[in-house]
Amino acid sequence: MDGDGGRTLTCLISTGLSPAPSHQSRRCPKCVELKLPREGAAFCTQDCFKSSWSTHKSVHLKEKLSALGLGAPGEQNSASPNDGWLYCLKKGQARTPKLPHFDWTGSLRPYPISRRRAVPADIDQPDWAIDGIPKIEPNSDLQHVVEIKTPELIDRMREACRIARQVLDAAARVVRPGVTTDEIDDVVHEATIAAGGYPSPLNYHFFPKSCCTSINEVICHGIPDARKLEDGDIVNVDVTVYYKGVHGDLNETFFVGNVDEVSRQLVQCTYECLEKAIAIVKPGVRFREIGEVINRHASMAGFSVVKSYCGHGIGELFHCAPNIPHYSRNKAVGVMKAGQTYTIEPMINAGVWRDRMWPDGWTAVTVDGKRSAQFEHTLLHTSSTHCLALNPNISKVVLKTNLCSANSEGSEPQEKMKNCNLLRHCQKSAGPLSGDGNGCRSSHSALAFIPQCVSLAKFITCGSKFWWELKTGPDSASNFYTISDIAKRYASVPFLHCCICNLLILEILVSHFICDKVLN
């Protein structure tokens, strides 16, 4: 280096001479304290020491970090997804031992993150798994053209989405006060690997973790870290699984302990937005209409819709066409057609819709520090009359069919089911639903009750009322209504005829009769 800044070694050493004993007093006192080697610590004059101080002092910091097992500061910021328990910077490409300076919008702060988790070599991995850079996705024609999936591709997506559902259920079981989001990420990672899949977010554009965990004012893309969940938090867990060359994507927002009423209303409204959006989905509908429905419902509840992030096409590519904005008066191009797959994932804020980005380059937060919630499903158009959510929990309304109206007459239930091509097949599943003061209020999914139940009610008649009561049932020990409880509670309400298809999809037809049993 030129100039005085380059004199990080002593003048004597730079000339190849050995300092005389008289120069002992001119050694850097800090280097003596740290017991560093004489080389680089002795200076010919006081002026030499002063002029070299700005660069020489980095030797002290490097030694301190080395003693703590953290390495040098230059090493932190250059590479290291493999360096554990440091703060994330530059979209995952850098680390720092200090909390970044930032004008935080709410009370939440980032915490250090652990090192990137390993994936076994025998797991099929996407092209970004090694170096963090997607190669096929950015330049694909499918960024501009909405793909019509083949039956073979749809079958693979069904498998990936089923695994994603199971992984999210596993993650939700550990949601409770005192658990760190890094521990949730570990559950997601291990469950995905155990199922033979790859966690799609891991190293995607250098994202350092296997899922996204978004707490309170975080809108999306929160990085799992060492922060412990606290009583009263809400946390969204976003899971995507890469399996047999395709992706399955979904997320849900969970309560942590005793949540305030505003947060409960926000989460309920967000789920209802997803439900209402799915309800209008059918071939021929413009993609832009999804945003109109979501924005109308959120606005009526006093909430706002995030505009910076949207739903997306999905399949062999993680993100592709179409874009699915969730706000009104959007400019989304295209109409829905059979064979398309995409996500709907509304992000609803308690305050204004605008967002800011944390220094890590990933975490999007509300500008006013108020809370945000999100729900997501991957959808498939299977025919001219069906749209199926490929990865739902059965306790949610996830199907819209237009073959039979609510007031259809002169048709037997069995004939209606036949007309809609429903498969009379039921599989069991279990999954957590919510959280309480003692932690995650895990319970069996409503799907597990289907073979035993007499009937189910109020899915469509009362909007999302049944789902919400299922999620926050009065029995704190088990936290779910039994089917007999439901039957008694809604005995006077027109019941819904239910059946499960081989995708674990609940297909619901409204009719004015009480089903005596579920078809086998």
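Please read all numbers here as calculations on a predicted model, not as lab measurements.
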Subject >> Y242: partners by ring-ring contact (aromatic ring centres under 6.0 Å, His included), with sequence neighbours left out >> reply: H247
Original post:
Is there side-chain contact between F254 and N236, with at least one heavy-atom pair below 4.5 Å?
Top reply: no
Subject >> Inter- and intrachain pairs under ring-ring contact (aromatic ring centres under 6.0 Å, His included), touching residues 275-298, at least two apart >> reply: F287-Y342
Apply side-chain contact (heavy atoms from CB on, under 4.5 Å) to [X] and list each qualifying residue two or more places apart in sequence or on a separate chain.
X: R356; value: F102, D103, T105, V365, V367
X: K337; value: I148, V335, Q340
X: D368; value: V352, T366, K370
X: H312; value: D249, I314, H319, T343, E345, E376

**OP:** Could I get the full list of side chain to side chain donor-acceptor pair (under 3.5 Å) partners for S140, not counting sequence neighbours?
**Re:** none
**OP:** Please name all residues satisfying side chain to side chain donor-acceptor pair (under 3.5 Å) with D127, sequence neighbours left out, ordered by chain then number.
**Re:** none
According to salt bridge (charged side-chain N to carboxylate O under 4.0 Å, His left out), does anything in [range] pair up with another residue at least two apart or in another chain? List the pairs.
range: residues 308-320; answer: R156-E316
range: residues 179-208; answer: R117-D182, R117-D185, R117-D186, D182-K209
range: residues 136-149; answer: E147-K149
range: residues 286-300; answer: R286-E289

**OP:** Determine, for R95 against D360, whether the closest basic-nitrogen to carboxylate-oxygen distance falls under 4.0 angstrom.
**Re:** no
